[in-house]
A.B. asks: 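Quick one: the structure is below, questions incoming.
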Protein chains: 2
Amino acid sequence: MEPEKILNISVDCVVFGYDITTKSLNVLVIKRFLEAEGKVLVDDYVLTGYHVYKQETLDQTATRVLKELTGLTGQYKKQFKAFGNPDRLTNEKDIIWIKNEEFNLRTITIAYYFLLKTEDVDVNKNKYQAKWFPVNNLPELGFDHKKIIEEAYEDLKIKCLSEPIIFKLLPDKFTINEAQDLYQSILGIEIDNRNFRRKLINKKYIIALDEKQVGVSKKPAQLYMFSLDLYEKMFKKNYLINI
Amino acid sequence: MEPEKILNISVDCVVFGYDITTKSLNVLVIKRFLEAEGKVLVDDYVLTGYHVYKQETLDQTATRVLKELTGLTGQYKKQFKAFGNPDRLTNEKDIIWIKNEEFNLRTITIAYYFLLKTEDVDVNKNKYQAKWFPVNNLPELGFDHKKIIEEAYEDLKIKCLSEPIIFKLLPDKFTINEAQDLYQSILGIEIDNRNFRRKLINKKYIIALDEKQVGVSKKPAQLYMFSLDLYEKMFKKNYLINI
DNA sequence: TATTTTAAACGTATTTTTTACGTTATTAAC
DNA sequence: GTTAATAACGTAAAAAATACGTTTAAAATA
């Protein structure tokens with residue numbers, strides 16, 4: 001039996017997935033489809049989310065929602081904002097949709113984002129018809145989910161500048177250029193490769209492995225890993241005022 | 001008649017007030033007191049907060065709560081986190097207290113913080129028995145409000161490094177040293193006055209006024225103001241990766 | 001009025017970090 | 001071996017941060 005739900009409080013999850021091959025930062029959304037009498041009433045996408053259960057923390061709700069959608073656990077997650085405007089679920093299609101759901105029109109949602117690799121999710125046999133879209137080229141989205149994604153993306157942009165979260169989006173073993181490509185994808189900027197390379201290599205927590213790329217048709221690049229352990233050991237807040 | 005409340009969703013406000021005289025960053029809390037049969041059951045402090053009304057946004061709730069407590073409007077405010085652990089209101093005293101209130105034990109609160117000057121609030125004739133406490137020397141607090149304050153403070157520390165929010169805590173006309181004292185109070189660090197002074201004065205949005213301090217018994221300092229207008233005009237995100 | 005006291009304000013040298021861009025090295029494919 | 005392509009290294013200049021010495025201005029006092 002399903003635990004008791006809080007009908008007016010939900011968690012929505014912005015699942016960011018980085019595709020290292022296409023160098024694309026993507027968002028995972030699910031299909032919202034409804035037809036009646038042969039007529040399509042709703043056909044768009046929404047974020048994955050669910051009610052908070054009476055006996056769980058918000059973090060647990062988020063973890064549960066991600067697992068239900070992707071089967072994954074232990075991914076990086078961050079609660080970044082609550083959305084609670086009275087009109088946030090009141091577009092025409094939202095109202096049609098909600099009629100079929102056990103759902104309160106005045107629902108407040110706590111929004112989280114997750115960081116993982118696109119390839120870690122098998123979308124083909126996904127029961128929610130989950131699909132990846134580039135964060136800069138989203139489909140039509142229901143509720144206020146476009147806004148939620150945009151705010152998550154802004155938070156991610158800021159956060160990746162000061163915390164080593166990009167490594168959540170990269171494989172354990174990565175090349176300097178792959179890290180650079182990721183920054184460029186997230187921030188939408190060009191970075192000088194020579195300076196970026198030097199900067200990253202000089203960090204003590206970026207560890208050169210005894211390995212190179214395999215299966216590439218040009219000079220294979222050196223592989224590196226990120227050591228969270230070393231990062232945390234050496235970490236001191238430097239309080240650089242930069243206004 | 002009071003608008004309809006959402007009984008399981010509230011907003012709590014961490015009101016930061018800077019006292020430029022004592023150079024102290026303070027938090028405004030209200031008294032929570034209950035006695036029965038001559039016995040004191042509850043005697044501590046809590047953040048100010050209230051239910052969200054059915055027809056208002058979360059931001060509006062926060063604004064309303066601050067106005068109710070202080071009479072102030074238009075202050076800087078930021079929604080920084082939602083707190084929703086099932087056990088967040090279940091300390092012994094919390095349970096005693098909630099019995100007397102129209103209040104759901106499983107309430108989720110959206111926490112905001114405000115930035116203002118301590119002197120802008122008249123706590124003496126405040127009907128909630130509001131009181132300022134230094135953020136580093138808080139009294140006994142009910143519910144999970146100690147945790148909420150600590151997380152608000154952490155967010156403020158980070159944010160003041162990259163956004164010009166300290167000027168919300170200073171008078172319109174301030175001296176360089178007053179700005180420095182404020183940074184030192186918030187961050188708990190010592191800053192070299194000569195370097196700080198040069199750095200701040202060189203900003204185009206820090207404007208030297210044709211005025212000096214009055215009523216000081218030593219050399220009066222030059223007064224400056226912050227121009228949000230100039231700040232926003234010149235602002236370009238520089239995306240400095242600093243991991 | 002001259003002197004003292006105290007904090008404000010200015011200055012200079014050094015180190016560190018960032019930025020810009022030229023050059024070399026390595027590997028697979030031909 | 002030669003070529004093509006990317007990885008990887010290097011150097012110089014500019015900008016920013018850090019450390020710390022010196023001067024100036026105003027009020028209090030002697």
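Heavy-atom basis, side chains included; hydrogens, waters and symmetry copies ignored. Every chain is numbered from 1, with letters handed out A, B, ... down the list of sequences.
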A.B. asks: Side chains of residues 203-210 of chain B: which donor-acceptor partners sit under 3.5 Å, not counting sequence neighbours?
C.D. replies:
unit_1	atom_1	unit_2	atom_2	d
B/Lys203	NZ	A/Ile243	O	3.1
B/Tyr205	OH	A/Ile243	O	2.7

A.B. asks: Given atom CZ of A/Arg197 and atom P of C/dC21, what is their separation to the nearest angstrom?
C.D. replies: 19 Å
A.B. asks: Rounded to whole Å, please give me the gap between CG in B/Asn177 and P in C/dA9.
C.D. replies: 7 Å
A.B. asks: From CD1 of A/Ile191 over to C1' of C/dA20, roughly how many Å is that when rounded to an integer?
C.D. replies: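 Rounding to the nearest Å, CD1 of A/Ile191 and C1' of C/dA20 are 15 Å apart.
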A.B. asks: Check the distance between D/dA7's C1' and A/Leu223's CG and give it to me in whole angstrom.
C.D. replies: 12 Å
A.B. asks: Salt-bridged, A/Arg32 to A/Glu140, with N to O below 4.0 Å?
C.D. replies: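 No.
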A.B. asks: Within the 4.0 Å limit for protein heavy atoms, which parts of nucleotides 14-30 of chain D are touched? Write it as a string from 5' to 3', B for base, S for sugar-phosphate only, - for none.
C.D. replies: ---SBBBB--BBSSS--
A.B. asks: Quick test of your reading of the model: are A/Asp229 and A/Lys233 salt-bridged, counting only N-O distances below 4.0 Å?
C.D. replies: yes
A.B. asks: Does B/Asn193 make a side-chain N or O approach to OP1 or OP2 of C/dA8 shorter than 4.0 Å?
C.D. replies: no
A.B. asks: Got a sec, which residues hit side chain to side chain contact (heavy atoms under 4.5 Å, CB included) with A/Ala152, two or more places apart in sequence or on another chain?
C.D. replies: A/Val14, A/Phe16, A/Phe80, A/Tyr113
A.B. asks: Measure from CG on B/Asn202 to P on C/dA9 and round the result to the nearest Å.
C.D. replies: 14 Å
A.B. asks: Could you give the CD-to-P distance, from A/Gln213 to D/dA7, as a whole number of Å?
C.D. replies: 7 Å
A.B. asks: Between the side chains of A/Asp155 and A/Lys78, is the shortest nitrogen-to-carboxylate-oxygen separation below 4.0 Å, so that they form an ion pair?
C.D. replies: yes
A.B. asks: Decide, yes or no, whether a salt bridge links A/Glu150 with A/Lys147 under the criterion of side-chain N to carboxylate O below 4.0 Å.
C.D. replies: no
A.B. asks: Specify the separation, in whole Å, of atom CD of A/Gln222 and atom C1' of C/dT27.
C.D. replies: 14 Å
A.B. asks: Nearest whole Å is fine: how far is C/dT19 P from B/Tyr239 OH?
C.D. replies: 15 Å
